[in-house]
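First comes the structure, then the notes that go with it.
Just so you know, these numbers use all the heavy atoms, side chains as well, and skip hydrogens, waters and symmetry mates. Counting starts at 1 for both ligands and their atoms, following the listed order. If you're wondering where the values come from, they're calculated on a predicted model, not measured in any experiment.
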Amino acid sequence: MNMTGWKENVRRVEPYTPGEQPKDQNVIKLNTNENPYGPSEKVRNCAMDYDLLRKYPDPAASDLVNTLALYHHVLPEQVFVGVGSDDVLGMAFLTFFNSDRPILFPDITYSFYPVWAELYRIPYRTKALTEDFRISVSDYEEKNGGVIFPNPNAPTARLLPLDEVEKIIQANRNVVVIVDEAYIDFAPEGSSALSLVDKYDNLLVVRTFSKSRSMAGLRIGYAIGQKDLIACMQAVKYSYNSYTMNRPSILYGCASVEDDAYFRETVGKIISTREWVTKEMKELGFRVIPSAANFIFAAHSTIPAEEIFRKAREKGIFFRYFKQPRIDNYLRITIGTDEEMHAVLDFFRELV
Ligand code: PMP
């Protein structure tokens with residue numbers, strides 16, 4: 001008897017590899033685009049009623065949904081929340097990408113997209129970024145089953161101007177276009193596709209609390225679109241897991257959104273550190289892709305990225321390195337505190 005017959009029926013997937021989470025807390029950790037500043041005081045001072053943990057949370061996470069709706073000037077029916085934007089994106093793939101035609105996304109992008117496509121058996125085709133890592137709008141004008149891209153893109157950090165984002169949405173009115181705005185709060189004001197949501201019923205904008213809100217450890221993400229789009233996602237969510245948002249996430253998530261001053265202050269600090277580090281790195285011989293995110297993507301003119309990555313790691317400085325065609329000479333460096341970035345620049349100076 002064949003005792004391993006079950007193996008023929010396994011859904012085999014090549015999983016996404018998240019950045020390393022070193023146990024040692026004394027390292028300079030610039031490899032997963034976390035925020036170097038803690039969450040707001042409002043979050044720290046929240047009183048969690050532990051007795052309530054015996055009860056299921058509100059399956060609709062209404063407090064958080066209403067808070068986000070108010071913040072973004074949309075209706076609560078236009079907001080979908082999930083366990084980090086990965087959960088929201090995974091749910092969106094499952095909900096909207098059901099065509100026999102391939103979905104389209106850039107060749108260099110968030111490496112989770114092909115993983116979800118494989119998991120859900122969605123055909124996909126990648127579109128090459130230009131030599132300087134720009135998205136070409138005309139690549140997204142052919143017939144397809146849906147479109148997704150991050151803006152700013154990851155790991156390149158490059159922003160696609162809003163008028164070009166709109167052209168992609170306009171060219172794809174019969175499919176859903178997902179704009180993954182994980183890093184948009186670090187981009188110039190007016191860059192977000194949220195301003196287009198009322199105009200286009202095929203646009204879904206996805207956001208996260210993990211970067212600009214400094215809450216990667218809590219896992220909160222959300223999507224905003226027109227009511228019909230969100231209702232379709234809700235139906236899929238309630239067919240899979242009703243209670244995605246736990247009570248602490250709902251409570252702390254609301255508190256974070258309510259402290260807009262702290263949010264703006266920390267985002268502003270990260271942007272000015274980014275500009276300073278970019279300038280210094282260029283002077284040290286790095287090619288730095290213009291960044292609209294909380295990380296920079298850079299290659300040195302003479303020293304291979306893999307070598308810099310390895311030597312930095314030995315010194316307790318963690319960057320992200322992708323051994324992947326076209327970008328294997330680049331490092332993705334998260335913006336840390338000024339103190340951390342001084343240490344990074346000292347390390348670079350020693351190296352070159
Ligand atoms: N989208 C992009 C482009 C990202 O880089 C990340 C971070 N890995 C995510 C989505 C997911 O972030 P989270 O699940 O923490 O919200």
Nearest neighbour in protein (non-hydrogen) for [atom]:
atom: atom 4 (C) of ligand 1; value: Y183 OH, 3.6 Å
atom: atom 11 (C) of ligand 1; value: D86 OD1, 3.1 Å
atom: atom 14 (O) of ligand 1; value: R219 NH2, 2.7 Å
atom: atom 1 (N) of ligand 1; value: D180 OD2, 2.7 Å
atom: atom 8 (N) of ligand 1; value: Y110 OH, 3.2 Å

Measure S85 to ligand 1 on non-hydrogen atoms and call it side chain, backbone, both or neither using the 4.0 Å cut-off.
-> both
Atoms of ligand 1 close to [X] [distance to a heavy atom under 4.0 angstrom, numbered from 1]:
X: A182; result: 1 (N), 2 (C)
X: S210; result: 13 (P), 15 (O), 16 (O)
X: G84; result: 14 (O), 16 (O)
X: K211; result: 7 (C), 8 (N)

Mind checking what makes side chain to side chain contact (heavy atoms under 4.5 Å, CB included) contact with D198, not counting sequence neighbours?
-> Q78
Pairs where residues 164-198 contributes a residue and the test ring pair (Phe, Tyr, Trp, His ring centres under 6.0 Å) is met, not counting sequence neighbours | Y183-F295
Centroid-centroid under 6.0 Å between [X] and [Y] rings:
X: W116; Y: F112; value: yes
X: F309; Y: F319; value: no
X: F149; Y: F105; value: no

Taking the six-membered ring of Y140 as reference, does the NZ or CZ atom of R125 fall below 6.0 Å from its centre and within a 45° cone about the axis?
-> no
Establish, yes or no, whether the cationic atom of R332 lies under 6.0 Å from the six-membered ring centre of F322 and within 45° of the ring axis.
-> no
